[in-house]
*Asks:* 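Sharing a structure below in structure tokens format, with a few things to ask.
Quick caveat, the model's predicted, so the values are computed rather than measured. Numbering of residues begins at 1 and proceeds along the displayed sequence.
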Amino acid sequence: MKKIIKIVIIILGVFVVIGIAGVTYLSYGKNQVLKEEVNSINLEEIDDGVYTGTYKSFRWSSEVEVKVENHKITKITIKKDHTFPQGSVSEELFKQVIAKQSLDVDTVSGATVSSKAYLEAIEDALSN
């Protein structure tokens with residue numbers, strides 16, 4: 001009986017260590033994304049076309065396409081998205097970028113890290 005209790009305690013200990021390591025890793029990754037600066041873009045320097053941009057940092061990984069017509073962003077679509085919450089988060093953020101014609105927009109409440117990562121992918125598309 002004592003042997004079974006020791007084994008159960010060891011297994012629980014391993015799960016606790018793995019859980020703490022996972023939370024620490026995700027927290028560190030989240031902080032790294034939040035520290036990154038989204039730079040402004042000059043749309044007057046960007047020709048018409050469809051531009052692809054990517055962003056990858058820790059668990060956040062995405063690829064977007066940005067369509068530019070007459071030096072204006074007209075459409076942003078997600079090509080690959082491995083970890084972001086899609087749907088209303090991306091739609092709301094992309095609407096703001098298109099309306100403002102700028103990456104200087106508010107992040108979506110409750111999805112700050114994902115919003116910032118999307119903005120980084122859009123910046124990558126327009127700066128290549």
*Asks:* For Lys72 and Gln101, which heavy atoms make the closest approach, and how far apart are they?
*Replies:*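 Heavy atoms of Lys72 and Gln101 come nearest at CA-OE1, 3.1 Å.
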*Asks:* Quick one: pull up CD in Glu65 and NZ in Lys75 and give me the separation to the nearest 0.5 Å.
*Replies:*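 Glu65 CD to Lys75 NZ: 9.0 Å, rounded to 0.5 Å.
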*Asks:* Any chance you could measure Ile76, atom CD1, to Gln96, atom CD, to the nearest 0.5 Å?
*Replies:*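 Reported value, rounded in 0.5 Å steps: 10.5 Å.
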*Asks:* Donor-acceptor pair, His71 side chain versus Ile46 backbone, under 3.5 Å?
*Replies:*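 The answer is yes, because a donor-acceptor pair under 3.5 Å joins these two groups.
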*Asks:* Should the heavy atoms of other residues, nucleotides or ligands under 6.0 Å from CG of Asn70 be counted, would the total exceed 12?
*Replies:*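 No - once you tally the heavy atoms of other residues, nucleotides and ligands closer than 6.0 Å, there are 12 at most.
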*Asks:* Tell me the closest heavy-atom pair linking Val64 and Ile122, and the distance in Å.
*Replies:*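 Scanning both residues completely, I find the closest heavy atoms to be CG2-N, 3.9 Å.
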*Asks:* Honestly curious: do Phe15 and Ile7 fall in one hydrophobic cluster under the side-chain, below-4.5 Å linking rule?
*Replies:*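 In one cluster: yes.
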*Asks:* CD1/Ile9 to NZ/Lys2 distance, rounded to the nearest 0.5 angstrom?
*Replies:*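 Reported to 0.5 Å precision, the distance equals 12.0 Å.
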*Asks:* Can you find a pair of side-chain heavy atoms, one from Ile78 and one from Phe94, that are under 4.5 Å apart?
*Replies:*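 A side-chain contact exists here, since the closest heavy-atom pair is under 4.5 Å.
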*Asks:* What is the distance from atom OG of Ser62 to atom OH of Tyr118, rounded to the nearest 0.5 Å?
*Replies:*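 The OG atom of Ser62 sits 5.5 Å away from the OH atom of Tyr118.
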*Asks:* When clusters are formed by joining ILVMFWY residues with side-chain heavy atoms under 4.5 Å apart, either directly or through shared neighbours, do Leu43 and Leu103 land in the same one?
*Replies:*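 Yes, Leu43 connects to Leu103 through the hydrophobic network.
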*Asks:* CG/Leu119 to CD/Glu37 distance, rounded to the nearest 0.5 angstrom?
*Replies:*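 Leu119 CG to Glu37 CD: 12.5 Å, rounded to 0.5 Å.
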*Asks:* Check Thr52 against Asp124 and note the closest heavy-atom contact, atom names and distance.
*Replies:*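 So the minimum-distance heavy-atom pair works out to O-OD2, 4.4 Å.
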*Asks:* Between Ile98 and Thr74, which heavy-atom pair has the shortest distance, and what is it?
*Replies:*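 Distance-wise, the nearest heavy atoms are CD1-O, 3.9 Å.
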*Asks:* Taking all non-hydrogen atoms of both residues into account, name the closest pair between Val66 and Ala125 and its distance.
*Replies:*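 So the two residues come closest at CG2-CB, 3.9 Å.
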*Asks:* Treating Glu123 as the side-chain partner and Asn39 as the backbone partner, does any N or O pair qualify as donor plus acceptor under 3.5 Å?
*Replies:*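 Side chain of Glu123 to backbone of Asn39: a pair is present.
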*Asks:* Pick one: which of Glu36, Glu120, Glu63 meets side-chain hydrogen bond (donor to acceptor under 3.5 Å, both in side chains) with Tyr55?
*Replies:*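 Exactly one option meets the side-chain hydrogen bond (donor to acceptor under 3.5 Å, both in side chains) with Tyr55, and it is Glu36.
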*Asks:* Within a radius of less than 6.0 Å around NZ of Lys100, do more than 12 heavy atoms belonging to other residues, nucleotides or ligands occur?
*Replies:*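 For Lys100, atom NZ is crowded (more than 12 foreign heavy atoms under 6.0 Å).
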